[in-house]
Number of protein chains: 2
Amino acid sequence: MSEAIKDLLKKNHMSVTDSRLQILDMFYHAPGALAHADIEKKASDKIDRVTIYRTLQTFEEKGIIHTIPTADNSVKYALCKDQCAEGHHHDNHVHFVCDKCSKTICLDDVHVPEVKLPKGFQPHQSNMVVNGFCSDCRS
Amino acid sequence: MSEAIKDLLKKNHMSVTDSRLQILDMFYHAPGALAHADIEKKASDKIDRVTIYRTLQTFEEKGIIHTIPTADNSVKYALCKDQCAEGHHHDNHVHFVCDKCSKTICLDDVHVPEVKLPKGFQPHQSNMVVNGFCSDCRS
DNA sequence: ACATATTTGCAATTGTGTTGCAAATTTTAT
DNA sequence: ATAAAATTTGCAACACAATTGCAAATATGT
């Protein structure tokens, strides 16, 4: 099962270690985005807090995961659907945060619409986060 | 000069204090959004860290300022253009963050477009942040 | 299998935000 | 204008999140 994950690490020129395999595996099986705390809790063999921070940072730099700009300023991460270029993300999809179960989901197929900015502004990247009830939680 | 600011405080049933006048004044004269740290630095008569936190929180509850969901998960505040209802914000404008000077600006006239969500998702609120170069910084 | 390079875990440190409480300030009623 | 009541402030202490330096452990390339 973890062969594919190992390959992903190798393809990105990273050493294959237990922590990395375990964390990447979590992302592949998670229902939505993961926060540092989620990973810390779920890790079966305890992984050091610091290692988790460093792993997330490395994954992000390599373009394997991306951070999600939530409205409540908490930090969550999710897999980049298509590999992003190293040091350069290009995922322009909308993110959804459920107000009830607080699951955070990448809507890979919904991409952020363009907006017309006032004169002089030069846009590089747009982020959009929608809050509401997810399909599991709406009554 | 601060008469208008005093009135705003009174209108919202808040005691008129030096810290509040000073902080509100900063917002009225700031070029963009302010972070807690900005206020702490700029305050001429030093205002206690805790007082700043509490003042920002109160202003937000009263609908005088709103938080801005930046992509880097830092917390910034800006004036609500029209008074928001107490405990209920209704500003649906796009925010712009400059990648060079990192000024954060409310684009009051650009409002967040609707997006079509997948089946089952029930949206309540949308936030959009655009990064790029502001009118002062584009070359 | 060994030497080299990378990663990990620990301890210590920094940063951010919160809470309780007494002193100071503001408001309200007189 | 003054005194009592209510609110706000500043300080100390705390809780939690995140970063750094460094030695020990693990992974890689030959």
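Throughout, protein chains are lettered first and strands after them, A, B, ... in sequence-line order, and every chain is numbered starting at 1. The shown structure was predicted, so the numbers you read here are calculated from the model rather than taken from an experiment.
Applying the 4.0 Å criterion to OP1 and OP2 of C:dT26, one finds that B:T17 has every side-chain N and O outside that range. In this model, the phosphate group of D:dT7 is not approached by any side-chain N or O of B:S15 to a distance below 4.0 Å at OP1 or OP2.
The distance between atom CG of A:L9 and atom C1' of D:dT28, rounded to the nearest whole Å, is 14 Å. If you measure from atom NE2 of A:H13 to atom P of C:dA5, you get 18 Å, rounded to the nearest angstrom. The distance from atom CD1 of A:I39 to atom P of D:dA18 is 11 Å, rounded to the nearest whole Å. In this structure, the NZ atom of A:K10 is 11 Å from the C1' atom of D:dA27, given to the nearest Å. Distance A:D48 CG to C:dA12 P: 14 Å, rounded to the nearest Å. Atom P of nucleotide D:dT8 and atom CD of B:E61 are separated by 11 Å, given to the nearest angstrom. Counting to the nearest Å, the C1' atom of C:dT25 and the CD1 atom of B:I47 are 15 Å from each other. B:L21 has its CG atom 13 Å from the P atom of D:dT8, to the nearest Å.
Taking each heavy atom of A:T58 and A:R54 in turn, the nearest pair found is OG1-O, 2.7 Å. The two residues B:F27 and B:Y77 make their nearest non-hydrogen contact at CE2-O, 3.3 Å. For B:V129 against B:V97, the heavy-atom pair with the smallest separation is CG1-CG2, 3.8 Å. For the residue pair B:H95 and B:P69, the shortest heavy atom distance occurs at ND1-CD, 4.4 Å. When all heavy atoms are compared, the tightest approach of B:K62 to B:H13 is NZ-O, 4.2 Å.
A:R20 comes within contact range of the sugar-phosphate backbone alone, with a heavy-atom separation under 4.0 Å but no base atom that close.
Positionally, the nearest nucleotide of DNA chain D for A:R54 lies more toward the 5' end than for the other of A:D18 and A:R54. A residue-by-residue look at B:A37 and A:S19 shows that A:S19 has its nearest nucleotide of DNA chain C further toward the 5' end.
Looking at the side chain of A:R49, the nearest of the listed nucleotides D:dA18, D:dT8, C:dT16 is D:dA18. Closest contact between the side chain of A:H36 and the listed nucleotides D:dA18, D:dG10, C:dC10 involves D:dA18. Nearest nucleotide to the side chain of A:V50, out of D:dA18, C:dT7, C:dA11: C:dA11.
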